[in-house]
Every structure is written in C-alpha cells, then in structure tokens.
Amino acid sequence: MKITITLLLVFTNLLSAQIKGVVVDENNKPIPYVNIWIENENIGTTSEEDGSFNLDIKNQDKNLIFSAIGFETKIIKTLETKNVILKSTSIKLEDVVINKKPSNEEKEMGYYESSGFRYHMGYFVDGILFKFSKEEFEKYPFVKELKFKTLSKNSNAKIRLYLVEVNKDDSPSDNLLSDELIIEVKKGSRKNIIDLSAKKIAIPENGFYIVFEKLKIEENKYYEDYEYKNKDGNTIKTKGLQYQPEIPLSPINKEIGWHKRINNKWEKTEKTTIQNPNSYENLLMKKYHNKYLVPSVNIIISN
C-alpha cells in the first residue's frame, strides 16, 4: 500500500477544552518528557521538565495514554489526569566485556544528507534500522558516534534520542541498548555529532534502531504567520504552531523506517508518492517519489 503525503496546516480549535495536570513517580518526583497521547488519535503532547502538561481536547470522555522510558504505560480517563502517577520499571542494560585492545578501526555508514531537504520529521517518533554484515559485526562491534541533521527555528530546542534492539520481525523492540539522551540543538541548519564511545554500546547481531522523539514542550514551540483564501476568496491571516527541531528526511529504496502515529504503537513507514512527479512544479520533489523517507543520520561503528 502506498500513501500520498499532503502538507497541511493544523490550527488550534478554539472550542477545545484544555486539560492540565502533572506526571510524577511513586515518590512524587516529577517525570519530564513523558509522551502523552489521546487514545486512538494522532494528537499528543510531552510533559515539561517539572512534569506538568496541558493538552487541548474536544471530547473529554476520551482516554489519555502516558508513556515514558523506564515507566509502565498508563491509560486513564481525561478527567482523572490532574495528578498522574507512573510506576517505574527495571531496565537492565547489558554489561560489555572487552577482550582485546582496541585498534581504533572504524566505519561510517547511513543515510546522512546535508542539504536539499523538502520533507521534515512528520511523526511524533521516528525510528531507523541499521543492519550489519557478518564482517561488519565482527570487525566493528561497538557504536562510536552518531551524526544527524536538524533544522530549527528556535535556539536550544530539544529532541530525545535512544537506541533499541530489533524484534524477530525486524520491528523496533522495547529493549534499550542505551540510556535516553535529551539533545539540545542550535538554531538553523545544523550537523549534530554525538560521541557514544564512553558508553561501550555493543551492536546486537541482528542490528538496532536509532529512535528520535519530538518533544512537544513549551521551549520547542514556534508560531509562524500564514495567509490563505477561504471559499469566498477572502484572505485569512492566522498563526500555525510548529514544534522544533525538525529532523529532515532522506529518500531511500530500503524499507527500514518505522514510526509512531497513534496510541504509541510502532507502524512501518510506507512509500511516499508525489502527484505528477515529472511536472515542473514538482521538480524539487521528484527525488522523493516512490521512496521511503528516513531521518538523515549516519553512525560510526568501531572496535
């Protein structure tokens, strides 16, 4: 099945009710950056550093899903979200044993591009699969570095990044390979390099996913002025809300992308199709036609 991506501007519905609350752990300590979704809808937010959150919602009979790394997922009624307590879970990261002296051999691989982007991160959560040949797995058993591209209209915007294992069907697992990282990126078009060598992250034989999560927090909000004509031909001016930073997407032929769109569940990323890809109007979009779109990211693996 193919999908056609259409760029839409989503504006705030003034008739929505605003739900406010705070997310804490069992010791009443606030939990930052919790993913909060409206059940069965592609609408959500993220808790702030102090655990607080607010969300505009039309139907207050809906359930909200609360999900955070290291905590059990919780589903509760919208009207019961004033104080949400999440129960912690045990996440064990495997110890790494180094049997030989490293010789600093390394290899860079991935899908990093530096310019010419027309698509940005369209989902709340994006994951990209990295697989390795037997030779690569044996010669370069550790993740040394990540390099990824961001485009931000805000200064010091934040995004969450972590690595997870791969299930038997090649879908992303819930088993972490690394602690989560909250990455602060600078304004503008930026190359971000994250040194992971000190963490000694061992590559699983069947590969791993790099996961990016967009944080819907106050400091990531950006409002842009837009104009459009209504059905009567009148020009309407309004503001559209965007969340920064954007992670631009690269077109590839491999089916290695997954995303979360509804209910915090992983879905396989499908091919993008462009209407009239050979037209002059779509000259710059043609390269995306009939391709899979994945975050612009490279990894360096080493011994």
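Just so we're clear, the structure is a prediction, and the values are computed from it rather than from any experiment.
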Trainee: Ile19 and Thr81: which non-hydrogen atoms are nearest, and at how many Å?
Mentor: CG2-OG1, 3.2 Å
Trainee: Over 60° means perpendicular and under 30° means parallel, so tell me whether His259 and Tyr123 are parallel, tilted or perpendicular.
Mentor: parallel
Trainee: Would you check if the side chain of Asn282 reaches a backbone N or O of Met285 as a donor-acceptor pair within less than 3.5 Å?
Mentor: no
Trainee: Is the closest side-chain donor-acceptor distance between Asn192 and Lys147 under 3.5 Å?
Mentor: no
Trainee: When the side chains of residues 243-252 are checked against the rest of the protein, which donor-acceptor pairs come out under 3.5 Å, sequence neighbours left out?
Mentor:
| residue | atom | partner | partner atom | Å |
| --- | --- | --- | --- | --- |
| Gln244 | OE1 | Lys153 | N | 3.1 |
| Gln244 | NE2 | Gln242 | OE1 | 3.4 |
| Glu246 | OE1 | Lys214 | NZ | 3.2 |
| Ser250 | OG | Tyr111 | O | 3.0 |

Trainee: Nearest 0.5 Å please: distance from the CD1 atom of Ile210 over to the CG atom of Asn298.
Mentor: 9.0 Å
Trainee: Mind running side chain to side chain donor-acceptor pair (under 3.5 Å) on Asn154 and Lys187 for me, showing each step along the way?
Mentor: CA-CA 5 Å; Asn154 290 357; Lys187 187 175 183 179; over 6 Å; no
Trainee: For atom CD of Glu26, is the number of surrounding heavy atoms from other residues, nucleotides or ligands below 6.0 Å larger than 12?
Mentor: yes
Trainee: Does Lys287, at its NZ atom, have more than 12 non-hydrogen atoms belonging to other residues, nucleotides or ligands within less than 6.0 Å?
Mentor: yes
Trainee: If we check side-chain hydrogen bond (donor to acceptor under 3.5 Å, both in side chains) with Lys149, which of these qualifies: Ser114, Ser189, Ser296?
Mentor: Ser189
Trainee: Going through the checks in order, is the side-chain contact (heavy atoms from CB on, under 4.5 Å) test met by Ile193 and Glu145?
Mentor: CA-CA 7 Å; Ile193 296 178; Glu145 191 173 278; 3.3 Å; yes
Trainee: Are side-chain heavy atoms of Ile65 and Ile36 found at a separation under 4.5 Å?
Mentor: no
Trainee: Looking at Asp195 and Lys144, what are the two nearest heavy atoms and their distance?
Mentor: OD1-O, 3.4 Å
Trainee: Within a strict 4.5 Å, meaning less than it, do heavy atoms of the Lys221 and Leu241 side chains meet?
Mentor: yes
Trainee: Could you grab the distance from atom OH of Tyr209 to atom CG of Leu177, nearest 0.5 Å is fine?
Mentor: 12.5 Å
Trainee: Is Phe130 reachable from Leu181 through a run of I, L, V, M, F, W or Y residues, each pair having side-chain heavy atoms under 4.5 Å apart?
Mentor: yes
Trainee: What pair of heavy atoms forms the shortest contact from Tyr292 to Lys254, and how long is it?
Mentor: CD1-O, 3.2 Å
Trainee: Has Asp126 got a side-chain atom pairing as donor or acceptor with Val294's backbone, closer than 3.5 angstrom?
Mentor: no
Trainee: Check whether the ring centres of Phe148 and Tyr112 lie less than 6.0 Å apart, and answer yes or no.
Mentor: no
Trainee: For Lys74, does the NZ atom have more than 12 heavy-atom neighbours from other residues, nucleotides or ligands under 6.0 Å away?
Mentor: yes
Trainee: Decide whether Val24 and Ile76 are clustered together by the hydrophobic rule: side chain heavy atoms of Ile, Leu, Val, Met, Phe, Trp, Tyr closer than 4.5 Å, transitively.
Mentor: no
Trainee: Working note: Asn303 + Lys139, criterion side-chain contact (heavy atoms from CB on, under 4.5 Å); need CA distance, chi angles, decisive distance, verdict.
Mentor: CA-CA 6 Å; Asn303 62 349; Lys139 190 173 182 179; over 6 Å; no
Trainee: Sort out for me which residue in Thr89, Val23, Ile31 forms a side chain to side chain contact (heavy atoms under 4.5 Å, CB included) with Phe71.
Mentor: Ile31
Trainee: Given side chain to side chain donor-acceptor pair (under 3.5 Å), test Asp50 with Ser52 step by step and report yes or no.
Mentor: CA-CA 6 Å; Asp50 62 358; Ser52 64; 2.6 Å; yes
Trainee: Taking atom CG of Leu151 and atom OG of Ser115, what is their separation to the nearest 0.5 Å?
Mentor: 10.5 Å
Trainee: Does Ile256 reach the side chain of Ile128, with side-chain heavy atoms less than 4.5 Å apart?
Mentor: yes
Trainee: What I want to find out is whether Lys260 reaches Glu267 closely enough, with some N-O distance under 4.0 Å, to be called a salt bridge.
Mentor: no
Trainee: Does the Asp232 side chain pair with the main chain of Asn234, one donor and one acceptor, at a distance under 3.5 Å?
Mentor: no
Trainee: Should Tyr33 and Glu49 be marked as a side chain to side chain donor-acceptor pair (under 3.5 Å) after you check the CA-CA gap, both sets of side-chain angles, and the distance that decides it?
Mentor: CA-CA 7 Å; Tyr33 312 129; Glu49 288 192 20; 3.0 Å; yes
Trainee: When Lys158 is tested against each of Glu213, Glu219, Glu218 for salt bridge (charged side-chain N to carboxylate O under 4.0 Å, His left out), which residue passes?
Mentor: Glu219
Trainee: Compare every heavy atom of Thr45 with every heavy atom of Lys216, then report the nearest pair and how far apart it is.
Mentor: O-OG1, 3.3 Å
Trainee: Ser152 and Lys186: which non-hydrogen atoms are nearest, and at how many Å?
Mentor: CB-O, 3.8 Å
Trainee: Checking Asn175 against Val164 for the side-chain contact (heavy atoms from CB on, under 4.5 Å) test, could you report, in this order, the C-alpha distance in whole Å, the side-chain angles of both residues, the deciding distance, and whether it holds?
Mentor: CA-CA 6 Å; Asn175 298 325; Val164 300; over 6 Å; no
Trainee: What pair of heavy atoms forms the shortest contact from Trp258 to Asp170, and how long is it?
Mentor: NE1-O, 3.8 Å
Trainee: Roughly how far, to the nearest 0.5 Å, is CG of Asn220 from CD of Glu48?
Mentor: 8.5 Å
Trainee: If you define the side chain from C-beta out and look only at heavy atoms, does anything of Phe208 sit under 4.5 Å from Ile201?
Mentor: no
Trainee: Within a radius of less than 6.0 Å around NZ of Lys191, do more than 12 heavy atoms belonging to other residues, nucleotides or ligands occur?
Mentor: no
Trainee: Using the rule that two of Ile, Leu, Val, Met, Phe, Trp, Tyr join whenever any of their side-chain heavy atoms come within less than 4.5 Å, decide whether Leu196 and Ile301 are in one cluster.
Mentor: yes
Trainee: If you measure from the Lys or Arg side-chain nitrogens to the Asp or Glu carboxylate oxygens, is any gap between Lys87 and Asp25 under 4.0 Å?
Mentor: no
Trainee: Under the side-chain contact (heavy atoms from CB on, under 4.5 Å) rule, what do Val84 and Val22 come out as? Steps first, then yes or no, please.
Mentor: CA-CA 6 Å; Val84 180; Val22 64; over 6 Å; no
Trainee: Would you check if His289 and Thr272 make a side-chain contact, meaning some heavy-atom pair closer than 4.5 Å?
Mentor: no
Trainee: Working note: Asn35 + Ser67, criterion side chain to side chain donor-acceptor pair (under 3.5 Å); need CA distance, chi angles, decisive distance, verdict.
Mentor: CA-CA 5 Å; Asn35 288 332; Ser67 174; 5.0 Å; no
Trainee: Spell out, yes or no, whether Val34 and Ile182 are grouped together once hydrophobic residues are joined by side-chain heavy atoms under 4.5 Å, including indirect joins.
Mentor: no
Trainee: In chain order, what residues pass the side chain to side chain donor-acceptor pair (under 3.5 Å) check against Thr235, with sequence neighbours excluded?
Mentor: Lys229
Trainee: Less than 4.5 Å apart, any side-chain heavy atom of Tyr162 and any of Asp179?
Mentor: no
Trainee: Do Glu224 and Lys239 sit within salt-bridge range, that is, some charged N less than 4.0 Å from a carboxylate O?
Mentor: no
Trainee: Test of understanding: clusters of I, L, V, M, F, W, Y form through side-chain heavy atoms closer than 4.5 Å, transitively. Do Ile69 and Ile85 belong to the same one?
Mentor: no
Trainee: Are Trp37 and Ile43 packed together at the side-chain level, in the sense that at least one heavy-atom pair is separated by less than 4.5 angstrom?
Mentor: no
Trainee: Working note: Phe53 + Phe66, criterion ring-ring contact (aromatic ring centres under 6.0 Å, His included); need CA distance, chi angles, decisive distance, verdict.
Mentor: CA-CA 11 Å; Phe53 70 91; Phe66 293 79; 5.6 Å; yes
Trainee: Do the side chain of Glu41 and the main chain of Ile38 share a donor and acceptor less than 3.5 angstrom apart?
Mentor: no
Trainee: Could you tell me whether Asn167 atom CG has more than 12 heavy atoms of other residues or ligands within 6.0 Å of it?
Mentor: yes
